Amino acid sequence: MYRPYHSGHRVLRRLVGFTLFACLAAGGISYALSRGGAVPSASAASTSPAAGSGSSLSAADARAMLEDPRMVLVNHSHKMPEDLTFTTKECGSAAAINKTLRTEAADAFLAMQKAAAAEGVTVWMQSGYRSVEYQTILYNNKVKHFCSKGLGEAEAKQKAATIVNPPGYSEHNCGLAADLNSPEHTALDEGFEDTAAFRWLCAHAEEYGFILRYPKDAEAVTEITYEPWHWRYVGRENAVLLNRSGLCFEDAIALLQRIAAGEKING
């Protein structure tokens with residue numbers, strides 16, 4: 001049976017999450033994961049909460065969240081920790097390219113998939129954990145593709161990185177990212193947002209600890225184009241918090257780091 005990580009501290013984490021949410025939401029960021037089927041979007045606006053919000057998060061609480069292994073930031077500027085180790089479990093569809101996720105994330109996905117099926121919605125996991133070696137192949141192939149289109153090597157690498165992260169810099173390498181699709185739309189492209197599966201995920205994925213990692217209007221911060229198929233496991237409490245904070249993952253981590261360093265955020 002799937003059980004949320006640190007379930008014994010669920011009440012405390014919800015209190016911490018609510019406090020941070022109140023602090024973040026006061027900043028006026030426009031992002032909110034839709035409960036009614038609209039496509040989620042994020043703003044790259046300032047992350048500074050308005051003065052007088054009346055909410056705060058202690059430096060110790062912020063550090064605890066940053067140390068949560070499910071909250072690891074992996075992107076173009078942050079490489080996966082070299083010493084990161086984990087177990088994996090199979091949860092992909094029969095046609096999946098990479099069939100496993102980190103064990104906790106796999107259990108959460110299988111529970112989410114079962115819940116969706118109970119409502120007549122099919123969600124498949126098409127690509128999950130990728131080794132760094134496999135990521136190297138994908139990235140190099142994309143670079144070669146753009147070189148064949150006439151781009152120089154440097155420009156080809158830059159263009160490729162907006163679609164496939166360089167090896168060690170992809171969330172797929174840490175086993176927490178899942179590319180999802182459904183019988184309605186098997187391709188991993190923006191067409192997935194028009195499916196019942198995507199609408200169901202927008203409404204329920206946070207209940208199982210997943211967030212839409214690369215929403216619309218956040219490209220300037222995430223440096224990744226909008227990907228309605230790419231979902232990231234962060235744990236249920238963190239997912240609820242992030243979806244209501246108004247921040248994409250990078251901005252949320254940056255704010256947590258400021259709080260952890262002792263910076264006063266609210267007035």
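All values reported here derive from a predicted model rather than from experimental measurement.
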Do Cys248 and Tyr214 come within less than 4.5 Å of each other through their side chains, counting heavy atoms only?
no
Once you round to the nearest 0.5 Å, how far does OH of Tyr226 lie from CG of Asp217?
10.0 Å
Would you say Ile163 and Tyr134 are hydrophobically clustered, going by side-chain heavy atoms of ILVMFWY under 4.5 Å?
yes
Test side chain to side chain contact (heavy atoms under 4.5 Å, CB included) on Ser77 and Glu223 and set out the steps.
CA-CA 10 Å; Ser77 304; Glu223 299 185 70; 4.1 Å; yes
If only atom types and distance count, is the side chain of His172 paired as donor or acceptor with the main-chain N or O of Gly128 below 3.5 Å?
yes
Note: Asp179-Arg130 ion pair, threshold 4.0 Å (strictly below):
yes
Would you call Glu206-Arg244 a salt bridge at under 4.0 Å N-O?
yes
When you measure from the side chain of Asn181 to the backbone of Thr186, do you find a donor-acceptor pair of N or O atoms at a distance under 3.5 Å?
yes
So do the side chains of Val164 and Gln135 get within less than 4.5 Å of each other, counting heavy atoms only?
yes
Under 4.5 Å between any side-chain heavy atoms of Glu171 and His230, yes or no?
yes
Given ring-ring contact (aromatic ring centres under 6.0 Å, His included), test His76 with Tyr169 step by step and report yes or no.
CA-CA 6 Å; His76 289 159; Tyr169 292 85; 8.0 Å; no
Supply the atom-to-atom distance Thr136 OG1 to Tyr139 OH, rounded to the nearest 0.5 angstrom.
10.5 Å
Side-chain donor or acceptor of Arg102 paired with backbone N/O of Cys174 under 3.5 Å
yes
So, for Val132 and Gly168, which heavy atoms are closest and what is the spacing to 0.1 Å?
CG1-N, 4.1 Å
For the pair Gln126 (side chain) and Ala95 (backbone), establish whether a donor and an acceptor sit closer than 3.5 Å, ignoring hydrogens and angles.
yes
I'd like to know if Arg213 pairs up with Glu250 as an ion pair, taking the criterion as any Lys NZ or Arg NE/NH1/NH2 lying under 4.0 Å from an Asp or Glu carboxylate oxygen.
yes
Inter-residue atom distance Phe109.CZ - Met125.CE, 0.5 Å rounding
6.5 Å
For the residue pair Thr122 and Ser182, confirm or rule out a side-chain donor-acceptor distance under 3.5 Å.
no
Just how far is it from atom CG of Leu176 to atom CG of Leu101, taken to the nearest 0.5 Å?
8.0 Å
Short N-O contact, Glu219 and Lys216, less than 4.0 angstrom:
no
State, with a plain yes or no, whether a side-chain heavy atom of Val143 is found less than 4.5 Å away from one of Asn141.
no
Report yes if the side chains of Leu66 and Ile253 come closer than 4.5 Å at any heavy-atom pair, otherwise no.
yes
Considering only heavy atoms from C-beta outward, does the side chain of Leu151 approach that of Gln158 to under 4.5 Å?
no
Among Leu242, Val74, Asn238, exactly one meets side chain to side chain contact (heavy atoms under 4.5 Å, CB included) together with Phe249. Which residue is that?
Leu242
Do you reckon Leu73 sits in the same ILVMFWY cluster as Ile259, going by side-chain contacts under 4.5 Å, direct or chained?
yes
Is there a path of hydrophobic side-chain contacts, each under 4.5 Å between heavy atoms, that joins Val240 and Phe210?
no
How long is the gap from CG on Leu180 to CD on Glu227, to the nearest 0.5 Å?
11.5 Å
Does the Thr87 side chain pair with the main chain of Thr103, one donor and one acceptor, at a distance under 3.5 Å?
no
Let's go through Arg232 and Leu212 carefully: what are the C-alpha distance in whole Å and the side-chain angles of both, what is the deciding distance for side chain to side chain contact (heavy atoms under 4.5 Å, CB included) to 0.1 Å, and is it a yes or a no?
CA-CA 6 Å; Arg232 160 69 189 268; Leu212 180 64; over 6 Å; no
Phe86 with Tyr233, same ILVMFWY side-chain cluster at under 4.5 Å
yes
For the student: nearest non-hydrogen atoms of Gly175 and Ala105, plus distance
O-CB, 4.1 Å
Any residue meeting side-chain contact (heavy atoms from CB on, under 4.5 Å) with Thr100, in chain and number order, not counting sequence neighbours:
Thr88, Glu90, Tyr129
Residue Glu184 excluded, over 12 heavy atoms near CD under 6.0 Å
yes
How about Met112 and Trp200: do any of their side-chain heavy atoms sit closer than 4.5 Å?
yes
Hey, could you give me the NE2/NZ distance between His145 and Lys159, rounded to the nearest 0.5 Å?
9.0 Å
Between Glu193 and Arg199 (salt bridge meaning N to carboxylate O under 4.0 Å), is one present in this structure?
no
Heavy-atom pair of closest approach, residues Ala160 and Lys142
CB-CG, 3.7 Å
Non-hydrogen atoms of Tyr208 and Ala115 that approach each other most closely:
OH-CB, 3.1 Å
Does the side chain of Pro166 reach to within under 4.5 Å of the side chain of Lys157, using non-hydrogen atoms?
no
hydrophobic_cluster_shared for Phe146 and Ile224, side chain cutoff 4.5 Å:
no
Return the minimal non-hydrogen interatomic distance between Pro167 and Asn173, and the atom names on each side.
C-OD1, 4.0 Å
Considering all heavy atoms, the nearest Trp231-Cys202 contact
CH2-N, 4.0 Å
